[in-house]
2 protein chains.
Amino acid sequence: MNIGDVAERTGLPPKTIRYYEDIGLVTPLRSDNGYRRFRDSDMHKLAFLGRARALGFSIDDCRDLLALWEDQSRASGDVRRIAQGHLDAIEQKIEDLSAMRDTLRKLVTCCVGDDRPDCPILDDLARA
Amino acid sequence: MNIGDVAERTGLPPKTIRYYEDIGLVTPLRSDNGYRRFRDSDMHKLAFLGRARALGFSIDDCRDLLALWEDQSRASGDVRRIAQGHLDAIEQKIEDLSAMRDTLRKLVTCCVGDDRPDCPILDDLARA
DNA sequence: CATAGGGGTTCCAGTCACGGGAAGGTCAAG
DNA sequence: CTTGACCTTCCCGTGACTGGAACCCCTATG
């Protein structure tokens, strides 16, 4: 399979696939003409990566998850730890964003938003 | 005021303040020795920027907000539009993260996380 | 007077995970 | 033979800084 086929099947852009090779996440073979030749195993790895990335795992986490996936004698506890850590980070981010949202909602609600210059949003930013 | 004083009073690191000068958000004066000399107005701008950034506004938004703040004949509607747009983006982000969180929670709950290799998390990533 | 320290300055490189675009090789169809 | 769709490598840009190197300035102390 050439990169275009893999891109279509995994949903990953060719650029991303090349990047993943660059940083050593996959190592496709090469045809005589220099084109990358992907085995099924390469494609499955890339699909795995795509789904892990879609869940927000960092590339470093993905590397670890991939290694655990390949390792038949892994401990599922290691996988869980990574996932739990990521989950914690996401929950923290949601909290931070929710606080911003609440503040912004209040400000937006307070501001009449017409042609006049008086603006509680700017007032708040000017001295909170 | 030197950069250190401003950093302390605004809570912004000196590096960040220099960066903000670099991209034209503030233009402090210079002393004879080459040190930046910040007026009170500079410090207020920086404090304003710090609070806007803390609410998650992009630098570009901050630039616009700062200009509106300085413009006595602004329309508060312009400010509100920026804030509303940012609020929408934040809400979208929270939604995306919440979806990830829900999926991850399920997976983490399903995984026993012991020394055995069986792992629903990896199973899910391997073919969802 | 020398020096030690705690300021400040500039500039360069790195972060994260790619994306855009240039310049050029390869291949199948018309 | 040419067209067009692929593929290749390489380099730069993203956002908003952060770290570090190399160097200057100012004050206080031995």
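Chain letters run A, B, ... following the sequence lines, proteins first and then strands; every chain starts at 1.
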* Between B:Phe57 and A:Arg37, which has a closest nucleotide on DNA chain D that is more 5'? -> A:Arg37
* Asked: Is A:Tyr20 near enough to C:dA17 that one of its side-chain N or O atoms lies under 4.0 angstrom from OP1 or OP2?
  -> no
* Any A:Asn33 side-chain N or O less than 4.0 Å from OP1/OP2 of D:dC7 -> no
* Is any side-chain nitrogen or oxygen of B:Arg63 closer than 4.0 Å to OP1 or OP2 of D:dG15? -> no
* B:Tyr19 (side chain) and D:dG15 (base): donor-acceptor pair under 3.5 Å -> no
* Of all the nucleotides listed (C:dA17, D:dC17, C:dT9), which has the minimum atom distance to the side chain of B:Arg18? -> C:dT9
* Measure from the side-chain heavy atoms of B:Pro13 and tell me the nearest of D:dT18, D:dC7, C:dA17. => D:dT18
* To do: Ignoring hydrogens and angles, tell me if any N or O in the side chain of A:Ser58 forms a donor-acceptor pair with the backbone of A:Asp61 under 3.5 Å.
  => yes
* Structure fact -> With the side chain defined as heavy atoms from C-beta on, A:Tyr35 is closest, among D:dG19, C:dG25, C:dA17, to C:dG25
* Would you please confirm or rule out a distance under 4.0 Å between OP1 or OP2 of D:dC17 and any side-chain N or O of B:Arg53? => yes
* To do: Nearest 0.5 Å please: distance from the CZ atom of A:Phe48 over to the CD atom of A:Glu70.
  => 8.5 Å
* Asked: Within the structure, does a side-chain N or O atom of A:Arg30 lie under 4.0 Å from either OP1 or OP2 of D:dT9?
  -> yes
* Should B:Arg36 be listed as having a side-chain N or O under 4.0 Å from OP1 or OP2 of C:dG8? -> no
* To do: Side chain of B:Ile3 only, please: which of D:dC10, D:dC26, C:dG8 is the nearest?
  => C:dG8
* A:Arg9 side chain reached by A:Met1 side chain, heavy atoms, under 4.5 Å -> yes
* **Nucleotide nearest B:Lys15 (side chain, heavy atoms from C-beta), chosen from D:dA16, D:dC25, D:dT18** => D:dT18
* Asked: Any side-chain N or O of B:Thr16 less than 4.0 Å from the OP1 or OP2 oxygen of D:dA16?
  -> no
* Identify whether B:Ile17 and B:Leu29 are in the same connected component of the hydrophobic contact network (ILVMFWY, side-chain heavy atoms under 4.5 Å). => no
